[in-house]
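Read through the structure below, which is laid out as structure tokens, and then see the notes.
Order of the sequence lines fixes the chain letters, A, B, ..., with proteins taken first and strands second; residue numbering starts at 1 for each chain. As the structure is a computational prediction, the values presented were derived from the model and not from experiment.
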Amino acid sequence: MNNNDKYDLSFTKTFGIIKQKLPELKYRDIKEWDSVGHMNLISTIEEKFDIQMQIDDIIDFSSFKKGKTILKRYKVKIK
Amino acid sequence: MPKKISLDTNDILNSQQNKFPLMFLDKINFVNPGKNLEAIKNFSYNEWFFPAHFTGEPNVPGFIQIECLAQAFIMTFLCKKEFKNKKTNFYNISDAKFRKKIIPGDVLKIKASLKSLSRGIAQGYAEGSVDGEFACSGKFIVTIPSVFEKFIPNSSKK
């Protein structure tokens, strides 16, 4: 499984949504991505990529797209 | 090996924000802070809810049993210095089970364990028994808003 698949799966598994909805997905767009859903998502991503995210990055992680940029700081490349 | 400690009523009152008539723990027999504990709640007929639930057949309402379990659960971490007396909110209760009628004179013994506590979200399990017989249980997710809110997009001031 490549990084793109892992990243997508983090969202689809945490929120129970289909992959097609991911590109434009933002925090609070769906009821599942609420404050606790956010923490579950971050935990899942940290586990999948074996990283520990900083507080500022967790707060900035406000969309599917933004998350890809943030993960680059942890040397996780996602197209 | 961490030292096991016990907490009396005043210790509990000083560690969490539930007060009369909604404080439902009498004593914590032992606690391994951040891990697990064993607590007790004594039910006498003087409890405010017995006359109403039910006349002629007093027994502990299910929501009170859940509250007992939840209060025991939150004490697994509120007994730690960094979380002492912080407010907590329910987020999720699942697999709630009620298997025994709890009546005046019963002592509910509660075993609670903390599965994880990360960024203000605590997850765990609590189970109550009376005279060694299973009475009730539930899985809990509880948030600590003052910790949790620091990590939410667009809600934190940098």
Find out if a path of hydrophobic residues (ILVMFWY) with successive side-chain heavy-atom gaps under 4.5 Å connects [X] to [Y].
X        : Y         : result
Phe24(B) : Phe20(B)  : no
Ile5(B)  : Ile110(B) : yes
Leu25(B) : Ile93(B)  : yes
Phe54(B) : Ile102(B) : no
Ile30(A) : Ile18(A)  : no

At a heavy-atom separation under 4.5 Å, does Tyr27(A) approach chain B through its side chain, its backbone, both, or neither?
-> side chain

Please look at Gln54(A) and chain B and tell me whether the side chain, the backbone, both or neither of the residue comes under 4.5 angstrom of a heavy atom of that chain.
-> neither

Show which residues join Val107(B) in its hydrophobic cluster (side-chain heavy-atom contacts under 4.5 Å, direct or indirect), or state none.
-> Ile40(B)

[X] [atom1] to [Y] [atom2] distance, which is reported to the nearest 0.5 Å:
X         : Y         : atom1 : atom2 : result
Ser35(A)  : Glu149(B) : OG    : CD    : 8.0 Å
Met39(A)  : Thr143(B) : CE    : OG1   : 10.0 Å
Asn40(A)  : Ile121(B) : CG    : CD1   : 6.0 Å
Phe148(B) : His38(A)  : CZ    : NE2   : 9.0 Å

All ring pair (Phe, Tyr, Trp, His ring centres under 6.0 Å) counterparts of Phe64(A), not counting sequence neighbours | Tyr7(A), Phe11(A)

Taking non-hydrogen atoms and a cut-off under 4.5 angstrom, which of residues 71-79 of chain A neighbour chain B?
-> none

Answer yes or no: does atom CG of Asp8(B) have more than 12 heavy-atom neighbours from other residues, nucleotides or ligands under 6.0 Å?
-> yes

Crowded around Glu47(A) CD? As in, over 12 foreign heavy atoms under 6.0 Å?
-> no

Arg119(B) vs Ile42(A) side-chain heavy atoms within contact, under 4.5 Å | yes

pair Phe151(B)-Asp56(A): side-chain heavy atoms closer than 4.5 Å = no

Considering residues at least two apart in sequence or located in another chain, which fulfil the side chain to side chain donor-acceptor pair (under 3.5 Å) criterion with Glu57(B)?
-> Lys101(B)

